Every structure is written in C-alpha cells, then in structure tokens.
Colleague: 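Can you read through this structure? Questions will come right after.
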Amino acid sequence: MSEHDHDHGHDHPHAPITNGDEPAAAPRVRALEELLVEKGVIAREDVRARIDWLVSRSPGDGARLVARAWVDPAFKARLLEDARAAALELGLDPGPSPVVVGVENTADVHHMVVCTLCSCYPRALLGPPPDWYKSLPYRSRAVSDPRGVLSEFGVELDDDVEVRVLDSTADIRYLVIPRRPDGSDGMTEEELASLVTRDSMIGVAEPAAPAPVG
Amino acid sequence: MRYRVGQRVRVAARRHEGHHRTPGYVKGKSGSIERVHASFTNPETRAYGSDGLPSQTLYLVGFAQRDLWPEYRGRPSDRISVDVFEHWLEEAE
C-alpha cells in the first residue's frame, strides 16, 4: 500500500485509486462473490443473470422516451415528473432504480448529469455507462468546470444559456431530454428516436442532426 | 418532511467517518430546495448491514456555482443541483 496521507479534499481514508488494466476493486469483488456464494446468500446464476440484464440494456429505450416527449407534450410532462412511470407506459423496463427523473434542455437551460461519488446512471434506460462517465477527470471537472467539459465534448453554448449540472449522489437517476433538432419537423417518432444519442441523454452532446432532405 | 421547495438550506459541515452520500464540495454551503424527492433508507447505516431505518427524506438542493467555486468561469446563474438527505440539512437565512 503506498502512502496516502496527503489532503485531496475529502475526508475518508481509502486505498490508492489506480488506473491499471484491472480495477482496484476487482480482487475484492471476486473474494466477496466467492464468500456470498459459499454461504448460500446468492447463487452464481443470480450474478450472471444480473450482468446479462445490465449489458442487454441500451440507449435505444431512453431514445424512445425522448422521441415520444418531443411529439407529445403531455407525455413529456409525465416524463419530467416520473420517468419510471413514463417508461412503463411505453412498455419499457425501467429496472430496479427507485426513481428516475427527466430534465429538459431548452433554449435557456442546458442540463448535464454526473455522479461525483461513483457511477450512478439510469442503466435500465441507457445501458451501461461509458467509461469516461466513471472516470475521475469527468466526475471532478463536470461539477467545477462544466462549460469546459461541454466544450471538449463539442458543445458550445451561448453565454445566455444557463448550465445546470445534476450530481446524482443518492437514489435518484436523471435522464436529460435534449432539445429537438431543427429540421426534424415531419419526422416520425421512430426517425426522431434514431437522432437521440446516449451522450445527448447525459447532457454532454446535442442529438444528431437530421439528414438533409432531397 | 421538514423543508419545502424554495426554502434556503445549508449543508452541515460535519465530518463523517464511513460511507455517506454527501459530497464534500457542498458541505457548509447554502442553497435552496428545488425538489422534494421521497424517503429512502439511510445509506450510512445500510452500507454496514442494517436495514437503513428510519428512512430519510431526500431533497434536490440547488447551489449557485459561484458559491461553490470562487474561480468559477461560467455565467453567474449557472447552478449545480445535488441530492442531499434531510439529516445533512440545516435551515439557512
């Protein structure tokens, strides 16, 4: 164990966080799984089933919610209030997350989501989070320099747009409803859903632009 | 539920040994209640094998970025909203 007595702005001791090929927690997780299986608390199949479920999720479900919200203001209102209920309404599996809340990007406000403490993320609706979402640089800079981070993701906001960062530190998961792109009038809901990218639902990108007509 | 939407609150500045979900960068800072989510089991005890009861009300608390980071480079109205449990909140003027 290397020295870890310097002050880096929080107040609990922990082992050094490494960036090696294997996450620092992996051996601990393996040992924990062995013990839980040995003691009969969980079965190996439970772990596998849970992993299978996690990796079977995709941003396509979140995109369907956003596309419906773009064409149906009443649905959008419900999505902003309780995204879990809205997902069930479309026959989607909102997963075990207790509460999912939709937040809407407008001409005046731009939302982006981070979990500074770990990697909380609406996995049921967006699939597994991207590696950068779990990285220390994103988690620290998204809160202190969101405009700088957005710029690196290619999002340049006008000065009169307010940036609102959401730090999902507890039981709530947040889903950003990005702004509907210009030139998407007349597109079907399915076509609209194809414009909605994962990153746009985290709030670090705009949706894809519609293909030019003609 | 002790606080209502719009009310000014301050996050306790106390240290807490062990697992907790209050980020250091908002401790001791003042903001306002933006949303009252619901009650959830307490992660500080649940993390150590307890049932996490009594439940705690969870709030979305909004802070001005400039109150958190003195050298913040955005516009003055930029905000950050953080989920904070009731037992970490105090009334602020």
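Numbers restart at 1 for each chain; the letters A, B, ... are given by sequence-line order, proteins then strands. Quantities reported herein were computed from a predicted structural model and do not represent experimental measurements.
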Colleague: Can you tell which part of B:Pro43 gets under 4.5 Å to a heavy atom of chain A, answering side chain, backbone, both or neither?
Modeller: neither

Colleague: Heavy-atom cut-off 4.5 Å, strictly under: side chain, backbone, both or neither for B:Glu34 against chain A?
Modeller: side chain

Colleague: Does any heavy atom of chain B fall under 4.5 Å from the side chain of A:Val101, the backbone, both, or neither of them?
Modeller: side chain

Colleague: What distance do B:Leu60 atom CG and A:Leu166 atom CG have between them, rounded to the nearest 0.5 Å?
Modeller: 6.5 Å

Colleague: Picking from A:Leu157, A:Val161, A:Val109, which has the most non-hydrogen pairs under 4.5 angstrom with chain B?
Modeller: A:Val161

Colleague: Where on A:Ser144 is there a heavy atom nearer than 4.5 Å to chain B: the side chain, the backbone, both, or neither?
Modeller: both

Colleague: Would you mind checking which part of A:Asp171 comes under 4.5 Å of any heavy atom in chain B, side chain (CB onward), backbone (N, CA, C, O), both or neither?
Modeller: both

Colleague: Under a 4.5 Å heavy-atom cutoff, which of A:Asp159, A:Val99, A:Val114 has the most pairs with chain B?
Modeller: A:Asp159

Colleague: Give the minimum heavy-atom separation between B:Tyr25 and A:Asp167, together with the two atoms involved.
Modeller: OH-OD2, 2.6 Å

Colleague: Just checking A:Asp160: does its CG atom have more than 12 heavy atoms from other residues, nucleotides or ligands closer to it than 6.0 angstrom?
Modeller: yes

Colleague: Donor-acceptor pair, B:Ser77 side chain versus A:Glu162 backbone, under 3.5 Å?
Modeller: no

Colleague: Does a side-chain heavy-atom distance below 4.5 Å link B:Ser81 with A:Tyr174?
Modeller: no

Colleague: Taking atom CG as the centre, does A:Asp52 end up with more than 12 heavy-atom neighbours from other residues, nucleotides or ligands that are less than 6.0 angstrom away?
Modeller: yes

Colleague: Do side-chain atoms of B:Gln65 reach the backbone of A:Val163 as a donor and acceptor pair under 3.5 angstrom?
Modeller: no

Colleague: With a 4.5 angstrom heavy-atom cut-off, which part of B:Leu68 approaches chain A: side chain, backbone, both or neither?
Modeller: neither

Colleague: Under the 3.5 angstrom rule, does the side chain of B:Asp83 hit a backbone N or O of A:Ser168 as a donor-acceptor pair?
Modeller: no

Colleague: Regarding A:Asp145 and B:Arg73, does a basic nitrogen lie under 4.0 Å from an acidic carboxylate oxygen?
Modeller: yes

Colleague: Counting only non-hydrogen atoms closer than 4.5 Å, does B:Phe85 touch chain A with its backbone (N, CA, C, O), its side chain (CB onward), both, or neither?
Modeller: side chain

Colleague: Can you tell me if A:Arg164 uses its side chain to pair, donor with acceptor, with the backbone of B:Arg79 under 3.5 Å?
Modeller: no

Colleague: How long is the span from the OG1 atom in A:Thr169 to the CZ atom in B:Arg21, to the nearest 0.5 Å?
Modeller: 6.5 Å

